[in-house]
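See structure below.
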Amino acid sequence: MRIGNGYDVHRLVEGKKLILGGVEIPCEKGLLGHSDADVLVHAIMDALLGAAALGDIGQHFPDTDDAYRGADSMCLLEEVAKKLDKKAYFIENIDATIIAQRPKLASYLPKMRQNIAKKLGISPEQVNIKATTEEGLGFTGEGLGMAASAVCLLSEIQNYVGADVMMGERNCADCPGCGKGE
C-alpha cells in the first residue's frame with residue numbers, strides 16, 4: 001500500500017468561474033490559474049501522483065505549456081487515472097478538504113464526490129470531501145483565495161501470472177509447499 005498527499009492553493013479574483021470538484025459554483029469570484037484552477041482536483045491529483053511516485057501535476061501538466069491553458073481539471077484527473085492504471089495501482093480511498101471562508105459548499109460536496117469517482121473509475125464511497133473555514137484567519141479566511149488538501153491510499157494490483165514467473169526465477173527450496181521442484 002502507498003500513501004500520498006497533495007495540497008493546492010489559488011487566488012480568488014473577479015471575472016473567473018469558481019469550479020471545485022468539477023462543479024461550477026455560483027460566486028462573484030473564481031479561482032485564478034493556468035487551467036480552470038480547481039484546487040480540489042489539483043490536490044487530489046498531486047496525492048495520487050505522489051503515492052505512485054510519479055512526481056506532481058506540474059511535471060505532467062506544466063503551467064508553461066499553452067496546451068493546458070484553461071484546461072478542464074477533470075480531464076487532467078482522468079489522465080492521472082490512466083497513469084495509475086499503467087503502473088497497476090488502484091485507489092483504495094481519497095480524503096480531501098477544501099479550505100474556504102465562503103461560499104458555503106456543503107450542498108455541492110455530493111456532486112463533487114460523484115464527479116471525481118466517475119473520472120477515476122471508483123465508487124463515490126471511496127471519495128470523501130469536506131469543507132472548512134479558517135475562522136477569518138489567513139488568506140483563505142480573508143477571502144483572498146482557496147486551498148485544498150488531499151490524502152489517498154493506493155494498492156498494487158497483484159499479477160498472479162507474474163508471481164508464477166517470479167517463482168521460476170527463484171530457488172523453489174526457498175518456498176516450501178509451492179509444489180515446484182519438490
Side-chain angles (χ1 to χ4, degrees), residues 1-10 17-25 31 33-99 105 108-131 146-170 175 178 180:
M1 293 193 175
R2 301 173 68 102
I3 298 169
N5 69 32
Y7 178 81
D8 194 40
V9 61
H10 285 278
K17 293 179 181 180
L18 177 59
I19 299 172
L20 296 170
V23 177
E24 188 173 331
I25 299 167
L31 295 168
H34 187 71
S35 67
D36 63 8
D38 187 330
V39 292
L40 173 62
V41 173
H42 292 184
I44 290 170
M45 287 190 296
D46 266 345
L48 294 167
L49 290 166
L54 292 173
D56 62 27
I57 62 174
Q59 289 173 276
H60 296 277
F61 316 109
D63 63 6
T64 56
D65 188 338
D66 282 341
Y68 302 112
R69 184 173 304 283
D72 180 338
S73 293
M74 296 301 287
C75 293
L76 302 180
L77 181 62
E78 197 169 24
E79 291 302 312
V80 169
K82 291 175 186 175
K83 291 176 188 308
L84 296 178
D85 287 346
K86 283 184 183 177
K87 296 288 269 182
Y89 289 116
F90 68 90
I91 300 165
E92 295 283 352
N93 76 304
I94 295 168
D95 185 30
T97 305
I98 303 166
I99 305 150
L105 299 172
Y108 301 101
L109 299 179
K111 182 63 176 165
M112 292 178 200
R113 287 178 64 206
Q114 290 173 356
N115 289 348
I116 290 164
K118 182 176 180 180
K119 287 293 182 182
L120 293 172
I122 60 177
S123 166
E125 286 75 32
Q126 292 171 271
V127 179
N128 187 58
I129 302 170
K130 307 172 293 290
M146 290 186 179
S149 66
V151 295
C152 71
L153 179 64
L154 300 182
S155 291
E156 291 183 73
I157 297 171
Q158 297 298 315
N159 182 338
Y160 295 102
V161 172
D164 289 342
V165 170
M166 190 175 89
M167 289 299 297
E169 295 172 1
R170 292 183 4 182
C175 184
C178 75
K180 294 183 180 181

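We're numbering straight along the sequence, starting at 1. Heavy-atom basis, side chains included; hydrogens, waters and symmetry copies ignored.
- Atom CG of Asn93 and atom OG of Ser155 lie 9.5 Å apart (nearest 0.5 Å).
- Rounding to the nearest 0.5 Å places CD1 of Ile99 at 5.0 Å from OG of Ser149.
- Rounding to the nearest 0.5 angstrom, the gap separating the OG atom in Ser73 from the CG atom in Leu31 is 10.0 Å.
- Side chains of Val127 and Ile122 form a contact here, defined as non-hydrogen atoms less than 4.5 Å apart.
- Minimum heavy-atom separation, Ala52 to Leu84: CB-CD2, 3.6 Å.
- Within the 4.5 Å cutoff, side-chain heavy atoms of Met112 are placed close to those of Ile25.
- A 4.5 Å side-chain heavy-atom check between Leu40 and Met146 finds every atom pair outside the cut-off.
- Proximity of Lys111 to Asn115: side-chain heavy atoms (C-beta onward) are separated by under 4.5 Å at one or more points.
- When all heavy atoms of Gln59 and Pro62 are compared, the pair lying nearest together is O-CD, 4.0 Å.
- For the pair Leu109 and Ile98, the tightest heavy-atom approach, listed with the atom from each and the gap, is CD2-CD1, 4.3 Å.
- Atom CD1 of residue Ile44 and atom CG of residue Asp95 lie 9.5 Å apart, to the nearest 0.5 angstrom.
- Remark: the His34 side chain and the Asp63 side chain contain no N/O donor-acceptor pair separated by less than 3.5 Å.
- Using a 4.5 Å heavy-atom threshold, the side chains of His42 and Asp36 count as touching.
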For Val39 and Val9, what are the C-alpha separation, side-chain angles and deciding distance, and is it a side-chain contact (heavy atoms from CB on, under 4.5 Å)?
CA-CA 6 Å; Val39 292; Val9 61; 5.6 Å; no
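- With contacts defined as side-chain heavy-atom distances shorter than 4.5 Å, the pair Lys87/Ile157 does not qualify.
- Across Ala71 and Ser35, no two heavy atoms sit closer than the pair O-CB, 3.5 Å.
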Before you tell me yes or no, could you show the steps for Leu48 and Leu120 under side-chain contact (heavy atoms from CB on, under 4.5 Å), namely the whole-Å CA-CA distance, both residues' side-chain angles and the distance that decides it to 0.1 Å?
CA-CA 11 Å; Leu48 294 167; Leu120 293 172; 4.0 Å; yes
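- Minimum heavy-atom separation, Gln126 to Glu92: NE2-O, 3.2 Å.
- The main-chain N or O of Gly22 is found under 3.5 Å from a side-chain atom of Asp38 such that the two form a donor-acceptor pair.
- In terms of heavy-atom proximity, Ala47 sits nearest to Gly6 at CB-N, 3.6 Å.
- Met45 CE to Ile94 CD1: the interatomic distance, rounded to the nearest 0.5 Å, is 11.5 Å.
- Within the 4.5 Å cutoff, the side chain of Val80 has heavy atoms near those of the Phe61 side chain.
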Could you give me the CA-CA distance, side-chain angles and deciding distance for Ile129 and Leu105, then say whether side-chain contact (heavy atoms from CB on, under 4.5 Å) is met?
CA-CA 10 Å; Ile129 302 170; Leu105 299 172; over 6 Å; no
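- Residues His60 and Lys83 are in side-chain contact: their nearest non-hydrogen atoms beyond the backbone lie under 4.5 Å apart.
- Arg2 places no side-chain N or O within donor-acceptor distance of the main-chain N or O of Leu154, the cut-off being under 3.5 Å.
- The CE atom of Met74 lies 6.0 Å from the NZ atom of Lys119; values are rounded to the nearest 0.5 Å.
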